[in-house]
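The structure appears below as structure tokens.
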Amino acid sequence: MSTLTESLNHAIAGDEATLHLSNGDSFRVKGNFEAVSDQFISVSLSNNPDKKGHKMVNVSHIVSIDWYTK
């Protein structure tokens, strides 16, 4: 597991988060982040009206991640 996915899994710990990408796209994710390679992570999509399932994300395109813990 990459350092990034370990950090994300530790910080977010199953809460929902919003990923914002450099192309202006954003989406909600929940659950574990999984390393696919050094440049890609796999995320589970959550609460997105038009996007379901999983998505692979190029980590160099992540601009910010917002999450809220209870």
Side-chain angles (χ1 to χ4, degrees):
M1 187 179 292
S2 76
T3 303
L4 175 64
T5 55
E6 287 177 5
S7 298
L8 289 171
N9 285 328
H10 178 71
I12 297 173
D15 289 332
E16 289 196 345
T18 302
L19 269 66
H20 300 276
L21 304 181
S22 59
N23 67 356
D25 195 15
S26 65
F27 46 89
R28 304 272 305 155
V29 299
K30 183 173 180 143
N32 291 331
F33 293 82
E34 199 174 310
V36 176
S37 71
D38 289 343
Q39 289 190 311
F40 287 90
I41 59 173
S42 175
V43 297
S44 297
L45 300 174
S46 172
N47 267 344
N48 296 286
D50 58 340
K51 302 168 191 156
K52 304 287 182 210
H54 301 277
K55 187 172 195 130
M56 280 201 298
V57 177
N58 185 325
V59 296
S60 62
H61 291 282
I62 297 173
V63 174
S64 66
I65 302 171
D66 303 326
W67 75 92
Y68 306 94
T69 56
K70 296 177 183 174

*Which residue, Glu16, Arg28, Lys30, forms the side-chain hydrogen bond (donor to acceptor under 3.5 Å, both in side chains) with Ser46?*
Glu16
*Decide yes or no on side-chain contact (heavy atoms from CB on, under 4.5 Å) for Lys55 and Val57, but give the supporting numbers first.*
CA-CA 6 Å; Lys55 187 172 195 130; Val57 177; 4.3 Å; yes
_Backbone N/O of Asp25 and side chain of Asn23: donor-acceptor pair under 3.5 Å_ = yes
*How about Ile41 and Val36: do any of their side-chain heavy atoms sit closer than 4.5 Å?*
no
*Does any non-hydrogen side-chain atom of Val63 lie less than 4.5 Å from one of Leu21?*
no
_Donor-acceptor contact below 3.5 Å, side chain Asn9 vs main chain Phe33_ = yes
*Quick one: CG on Asp15 to CH2 on Trp67, what's the gap to the nearest 0.5 Å?*
9.5 Å
*Measure the spacing between NE2 of His20 and CD1 of Ile65 and express it to the nearest 0.5 Å.*
9.0 Å
*How many angstroms lie between atom CE of Met56 and atom OG of Ser42, to the nearest 0.5 angstrom?*
7.0 Å
